[in-house]
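Comments concern the structure below.
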Amino acid sequence: MPVYEIPYGDKTLSCTAEHVIFHAAARHPEPLPDPDNLIRAALDAPIGAPALEELVRPGSKVALIVDDITRPTPRQAILRHLSARLDAIPGLDVSLIIALGTHRPMTDEEIRQDLGEFAQKYPVVNTSYLDTERYAMAGKMPDGTSIMVYREVLEADTIIGIGNIVPHIAAGWGGGAKIIMPGVCGEETTTAIHNISNTQQDLLLTCGGTDNLFRRTMEELAARVGLSWIVNTVLDEQGRILGVFAGDFIQAHRAGVAFAEKVLCPPIPAPADILIVSSNPANADFWQGAKPFIFAHRAVRRGGVMILLLSAESGICGCAPAHEQTIRKYYNAPPEVLHRVIAEKSEEDILGVGEAFIRVQTKDYCTVLLISEGISAEDARLLGFEKMPSLEQALEKAHRLMGEDAAIGIIPHGGEMLCRLTPPV
């Protein structure tokens, strides 16, 4: 019987399985391209925007916005190339701004490890989204909500966003304007935009598309703030750079998405009866692991069984602790209660309330068996899962539910994979 190795946090789990109809992994060219050449070529030929040397004026203020440590973006590699080009422009005032969204601020040690020499070369802004004193208003959204953004971003003459393109449950794809919203926006703005995905979009349908209300609103906001340029990567499952896209934050992003679809959307012949999916690399907590959980619905049939491998060293919400109490309170609340709380704003953490729509939109789709060290059996039940002691026992139970001849699918890096059905011949 074939043996499959599946990532699980920083470990690997093995299982034997028959009737495997797909093993969905990233597709990439051979040989692998040289990452420095890819970055250099992207910066030399930006998409839909002038060259960096034409865009940045001598003596101006430049904000380099980078995503945080929960993302695999090769920040130091990109910064080496960007920094060298900026060094050739006289008199610049350059700062590094960490786009935390609603995540906790990074520790000093995390910043040193993540940004390397650039943590010393440039001032680093590492601000909690709850620190209202650090934000300024950049106008109003159509519904009257204030657009609150880090002051350091609004004060910059040139704003450059650095990120990575992967599927996303609200925006369709990460990257592009997402570095601004929620990256460097305040609580009021972030909550208002996320309520779009919670109340006006189907999470199971939105991921993998670029034409949705959340992304359109996000891009309108980024344009208002003045996002000048982006550098976005597409990586394989080992974090190796396969593509780099620089330039206009919409045009370069769409080119990156078109490339990412070829890499991160492996074709499958049919949804599996039993799907084994690892949350890696979005495995730190359920706040991150919710993404692979949603993506995996594309690869398991309704009424089937999903075996979710989520190490969750930080538990349910350790990377975004401001939301944990709210999630515990509302994750199993009925939709009418969630809608009422959001409409009346009767909870301070409306963004956390919105996370409960994941449960609303996935309830009863399939049975979910959870393998996790960081999530207790009680917390697994809160999330709608059944915790299992091992992958082997989870498979045994799945076969009891679905039959010994059940078709099995495996997604070894579900945090960034979005399977798509092979079109019928």
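None of these values were measured; they are calculated from a predicted model.
Within 6.0 Å of NZ in K387 there are more than 12 heavy atoms belonging to other residues, nucleotides or ligands. More than 12 heavy atoms of other residues, nucleotides or ligands shown are found within 6.0 angstrom of CD on E5. Counting non-hydrogen atoms of other residues, nucleotides and ligands closer than 6.0 Å to CD of E53 gives a total above 12. More than 12 non-hydrogen atoms from other residues, nucleotides or ligands lie less than 6.0 angstrom from CD of Q200. Atom CD of Q120 sits in a crowded spot, with more than 12 heavy atoms from other residues, nucleotides or ligands closer than 6.0 Å. Applying the 6.0 Å contact sphere to CD of Q325 captures no more than 12 heavy atoms from other residues, nucleotides or ligands.
Looking only at atom types and distance, the side chain of K140 has a donor-acceptor partner in the side chain of S146 under 3.5 Å away. With no hydrogens or angles considered, no side-chain donor-acceptor pair links Y135 and T189 at under 3.5 Å. Defined by atom type and a distance below 3.5 Å, a donor-acceptor pair is missing between the side-chain atoms of D157 and S60. H323 and T102 share a donor-acceptor pair across their side chains, judged by distance under 3.5 Å alone.
In this structure, Q361 contributes its side chain and L203 its backbone to a donor-acceptor pair below 3.5 Å.
Closest heavy-atom contact between D114 and Q76: O-NE2, 3.2 Å.
Partner of L64 under the side-chain contact (heavy atoms from CB on, under 4.5 Å) criterion, out of I97, L79, I78: L79 alone. Each of D67, T233, T73 was compared with N164 under the side-chain hydrogen bond (donor to acceptor under 3.5 Å, both in side chains) criterion, and only T233 meets it.
When ring centroids are compared, H339 and F357 come within the 6.0 Å threshold. In summary, the aromatic rings of Y129 and H103 are positioned with their centroids too far apart to meet the 6.0 Å limit.
Taking the six-membered ring for Trp and thresholds of 30 and 60 degrees, F286 and F293 have ring planes inclined between 30 and 60 degrees apart.
Residue pairs that meet the ring pair (Phe, Tyr, Trp, His ring centres under 6.0 Å) test with at least one member in residues 220-242, sequence neighbours left out, do not exist here.
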